[in-house]
Amino acid sequence: MKVQDIMTRQVVCISDQASLKDAHALMTNRNVRHLPVISEQDSSLVGILTHKKMVATVMALVNKYGSGALDRRERAQTVAGIMDKHYQHLTADEPLPIVVEYFIDNKLGCLPVIDAQGKVEGIVTSSDFVKLCAKLLKLSTS
């Protein structure tokens with residue numbers, strides 16, 4: 001099996017120039033915990049914003065400025081300023097045994113899948129592995 005066999009193809013991405021407020025709303029409305037961040041110039045992958053990082057940033061803003069200033073501060077903070085710029089990525093043809101070991105060793109929640117031009121074509125999350133496990137367990141008990 002390869003990455004392409006389990007990756008989510010309908011990826012919710014966000015622009016590096018979007019605000020933290022936009023990211024917060026997008027994660028909430030689309031029920032996702034990881035947002036690949038794409039360049040406004042060429043749509044290539046430039047970072048990852050995780051729910052954990054977003055919540056930590058929101059809490060830091062509340063602690064520093066108070067809850068009354070949160071909305072204004074969230075609108076002023078760009079995704080580019082808080083995204084993880086150092087991230088690993090995958091290609092669709094990578095074998096799953098290698099990817100699962102990488103997930104386990106690095107305690108990751110997601111890895112974006114990119115094409116040769118650096119454009120996002122999918123994402124693999126820990127949930128994708130749980131779904132694969134459930135499918136394999138059903139097959140083994142049938």
Side-chain angles (χ1 to χ4, degrees), residues 1-65 67 69-142:
M1 287 187 100
K2 297 187 183 240
V3 165
Q4 63 198 2
D5 298 319
I6 70 162
M7 71 183 191
T8 301
R9 294 176 188 277
Q10 302 295 339
V11 185
V12 178
C13 296
I14 194 162
S15 163
D16 59 347
Q17 297 306 304
S19 71
L20 174 59
K21 181 82 173 175
D22 296 330
H24 195 159
L26 189 57
M27 282 185 178
T28 301
N29 295 336
R30 298 297 294 274
N31 196 30
V32 295
R33 295 179 299 134
H34 311 95
L35 289 173
V37 181
I38 57 174
S39 166
E40 196 126 312
Q41 272 74 40
D42 65 3
S43 298
S44 64
L45 181 68
V46 293
I48 298 287
L49 181 61
T50 64
H51 185 259
K52 182 178 179 179
K53 178 74 170 200
M54 185 201 58
V55 169
T57 303
V58 167
M59 294 308 298
L61 290 172
V62 168
N63 288 336
K64 187 171 184 178
Y65 302 106
S67 59
L70 180 60
D71 186 67
R72 184 169 41 88
R73 294 292 177 170
E74 273 190 312
R75 290 180 195 282
Q77 177 68 61
T78 65
V79 169
I82 61 170
M83 69 184 184
D84 291 322
K85 295 175 183 112
H86 304 290
Y87 55 88
Q88 293 296 321
H89 57 80
L90 302 169
T91 58
D93 63 346
E94 291 192 60
L96 279 185
I98 293 169
V99 175
V100 77
E101 287 301 321
Y102 192 81
F103 261 83
I104 292 168
D105 292 345
N106 294 287
K107 298 181 180 162
L108 295 173
C110 78
L111 284 169
V113 182
I114 60 170
D115 63 16
Q117 291 75 42
K119 307 276 194 279
V120 176
E121 65 176 342
I123 192 166
V124 175
T125 66
S126 53
S127 295
D128 293 320
F129 281 106
V130 171
K131 290 173 191 170
L132 175 61
C133 246
K135 185 178 176 180
L136 294 174
L137 286 171
K138 280 183 184 176
L139 290 175
S140 72
T141 58
S142 307

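For the single chain, residues carry numbers from 1 onward in sequence order. Values reported hereafter were calculated over all heavy atoms of this structure, with side chains retained and with hydrogens, waters and symmetry mates removed.
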Could you tell me the separation between the [atom1] atom of [X] and the [atom2] atom of [Y], rounded to the nearest 0.5 Å?
X    : Y    : atom1 : atom2 : value
Q41  : Q17  : CD    : CD    : 7.0 Å
M1   : I6   : CE    : CD1   : 7.0 Å
L49  : I14  : CG    : CD1   : 7.0 Å
L35  : S15  : CG    : OG    : 11.5 Å
I123 : I114 : CD1   : CD1   : 12.5 Å
H34  : S127 : NE2   : OG    : 8.0 Å

| said: Can you give me the closest heavy-atom contact between M27 and H51, atom names plus distance? | reply: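 Taking M27 first and H51 second, the nearest heavy atoms are CE-N, 3.6 Å.
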| request: Over all heavy atoms of both residues, which pair between K138 and T141 is shortest? Give the atoms and the distance, please. | output: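 That closest heavy-atom pairing would be O-OG1, 3.2 Å.
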| Would V58 and L70 satisfy side-chain contact (heavy atoms from CB on, under 4.5 Å), going step by step from the backbone distance to the final call? | CA-CA 8 Å; V58 167; L70 180 60; 4.0 Å; yes
| said: Against V113, only a single residue in V99, V124, T8 fulfils side chain to side chain contact (heavy atoms under 4.5 Å, CB included); can you say which? | reply: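 Single pass found, and it is V124.
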| message | Holding to ring pair (Phe, Tyr, Trp, His ring centres under 6.0 Å), I want the full list of residues that pass it with F129, two or more places apart in sequence or in another chain. | response |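 So F129 forms a ring pair (Phe, Tyr, Trp, His ring centres under 6.0 Å) with F103.
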| request: Kindly say whether K2 contributes a backbone atom to a donor-acceptor pair with the side chain of D93 at under 3.5 angstrom? | output: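 Judged by distance alone, no pair lies under 3.5 Å.
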| said: Between N106 and L108 (side chain of the first, backbone of the second, donor and acceptor by atom type, cut-off under 3.5 Å), is there such a pair? | reply: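 Here the side-chain-to-backbone pair does not exist.
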Heavy-atom check, side chain of [X] versus side chain of [Y], under 4.5 Å:
X   : Y    : value
L26 : D22  : no
R9  : Q4   : yes
M7  : D128 : no
L20 : L61  : yes

Taking atom [atom1] of [X] as the centre, does the number of heavy atoms from other residues, nucleotides or ligands within less than 6.0 Å exceed 12?
X    : atom1 : answer
K52  : NZ    : no
E101 : CD    : yes
K119 : NZ    : yes
N29  : CG    : yes

| task | List in chain and number order the residues that pass side chain to side chain contact (heavy atoms under 4.5 Å, CB included) with P95, two or more places apart in sequence or in another chain; answer none if no residue qualifies. | result |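 Listed in chain order: P97, I98.
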Identify each donor-acceptor pair in which a side-chain atom of residues 76-90 lies under 3.5 Å from a protein atom, sequence neighbours left out, and give them as a table.
| residue | atom | partner | partner atom | Å |
| --- | --- | --- | --- | --- |
| T78 | OG1 | G81 | N | 3.3 |
| K85 | NZ | A80 | O | 3.4 |
| Y87 | OH | L45 | O | 3.1 |

